[in-house]
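Values below: every heavy atom of this structure, side chains too, minus hydrogens, waters and symmetry copies.
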Amino acid sequence: MRPIRRVWITRAQPGAARTAVRLTALGFTPVVAPLLAIRPLPEALPRFLGAAPDLTTVAALAFTSPNGVAAFAALTPDLRDRPVFAVGDATAEAARDAGFADARSAAGDIHALAALIAATPIDGLILAPGAREPAGDLPALLPGRTIQRLPVYAAEETGAVPPPDFDAVLLHSPRAARALAAALPSQAARNRLAVCISDAAVAPLAAHSFAEIRVADAPDETSLLTVLGKSAGPV
């Protein structure tokens, strides 16, 4: 496997820019070529309000990504006084930055989020703004709670051409891994490292001959960068 210097960032903006800053601080050369782009769905809230007379029925909110927070916050200034359940610390921080005062982090994956909600007394509807095609099914994990999904953004493939020179690639989601599997010829993975945020992000890479595939210990970027390891030095 080649020495790890150039690291391809596949996640959507604006997260890709934040990741690039962190990689630079760790001594890597970031290669920003997102395979996904976030498209807000401004029609989401009017559709919801068409079925519910107002937002007063919402007792709490559940977010599985900062993208969901940003997209929902752009739709309405309401509900800032409701408790927020966030899948991880970055999502909870995004919620606080958007004006949600009570944001609680599950510090894990969607199963940890479900456990946090299950352990918290909430009487009423929990609204879960998120992706049009979510990676997990939160309502199914909480059959005893009233949870309504609200698609507020779509993660769409950019059609970007893989960069010609990279030593490792970061995959922040199973969706990004599927996009990479479609865009990168299988033999182009040879002698390169793939770093995945979860086992679900590993599965789409089965046909690719990466020299090594590493999986983060927890589904967050800090763990992802930890398993990436140290830079081999300046390019």
Side-chain angles (χ1 to χ4, degrees), residues 1-36 38 63-69 85-94 104-116 130-131 133-138 141 155 162-163 166-181 183-184 189 191-232:
M1 187 170 67
R2 350 167 139 199
I4 306 303
R5 296 184 175 91
R6 298 179 179 86
V7 181
W8 178 14
I9 301 170
T10 61
R11 71 184 301 196
Q13 295 285 17
R18 295 193 295 267
T19 301
V21 170
R22 297 186 70 177
L23 284 172
T24 299
L26 292 171
F28 295 99
T29 298
V31 181
V32 180
L35 293 175
L36 299 175
I38 301 302
F63 291 108
T64 56
S65 74
N67 292 324
V69 174
F85 298 98
V87 70
D89 295 344
T91 302
E93 182 178 358
R104 314 169 191 186
S105 171
D109 58 11
I110 194 169
H111 297 279
L113 177 60
L116 175 63
E133 299 178 22
D137 189 349
L138 186 62
L141 296 175
F166 69 94
D167 306 313
V169 58
L170 297 181
L171 296 164
H172 283 73
S173 67
R175 184 70 188 277
R178 293 196 296 271
L180 179 136
L184 185 71
N191 299 320
R192 287 166 165 156
L193 168 68
V195 184
C196 300
I197 201 160
S198 65
D199 289 331
V202 174
L205 309 181
H208 285 66
S209 53
F210 283 101
E212 185 180 353
I213 297 177
R214 300 175 187 171
V215 183
D217 292 335
D220 58 66
E221 185 171 84
T222 296
S223 299
L224 193 70
L225 296 181
T226 297
V227 77
L228 172 64
K230 295 182 177 180
S231 169

Would you tabulate the side-chain donor-acceptor contacts of residues 203-213 under 3.5 Å, counting partners in other chains and residues two or more places apart, or write 'none'?
unit_1 : atom_1 : unit_2 : atom_2 : d
His208 : NE2    : Leu184 : O      : 2.6
Ser209 : OG     : Ser186 : O      : 3.2
Glu212 : OE1    : Arg214 : NH2    : 3.4
Glu212 : OE2    : Arg214 : NE     : 3.0

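Residues forming a side chain to side chain donor-acceptor pair (under 3.5 Å) with Thr64 (at least two apart in sequence, or on another chain): none. Residues satisfying the side chain to side chain contact (heavy atoms under 4.5 Å, CB included) test with Thr24, not counting sequence neighbours, are Pro30. Taking Asp167 as the reference, Arg2 meet the salt bridge (charged side-chain N to carboxylate O under 4.0 Å, His left out) condition, with sequence neighbours excluded. Every residue two or more places apart in sequence or in another chain was checked for a salt bridge (charged side-chain N to carboxylate O under 4.0 Å, His left out) with Arg18, and none qualifies. Among residues two or more places apart in sequence or in another chain, the side chain to side chain donor-acceptor pair (under 3.5 Å) test is passed with Arg11 by Thr19, Glu221. Asp217 is linked by a side chain to side chain contact (heavy atoms under 4.5 Å, CB included) to nothing, counting only residues two or more places apart in sequence or in another chain. By the side chain to side chain contact (heavy atoms under 4.5 Å, CB included) test, Ala107 is found to be paired with Asp89, Ser105, residues two or more places apart in sequence or in another chain being considered. With sequence neighbours excluded, the residues that form a side chain to side chain contact (heavy atoms under 4.5 Å, CB included) with Thr226 are Thr222.
Sorted by first then second residue, the ring-ring contact (aromatic ring centres under 6.0 Å, His included) pairs that include residues 3-31, not counting sequence neighbours, are Trp8-Phe166.
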Chi angles and distances behind the side chain to side chain contact (heavy atoms under 4.5 Å, CB included) call for Leu193, Val7: CA-CA 9 Å; Leu193 168 68; Val7 181; over 6 Å; no
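Side chain of Ser231 to backbone of Arg5: no donor-acceptor contact under 3.5 angstrom is found.
Here the CG-NE2 distance, from Leu138 to His111, works out to 10.0 Å after rounding to the nearest 0.5 Å.
The two residues Ala176 and Leu35 make their nearest non-hydrogen contact at O-CD1, 4.0 Å.
A side-chain contact (heavy atoms from CB on, under 4.5 Å) with Pro66 is found for exactly one of Val87, Ile38, Thr91, namely Thr91.
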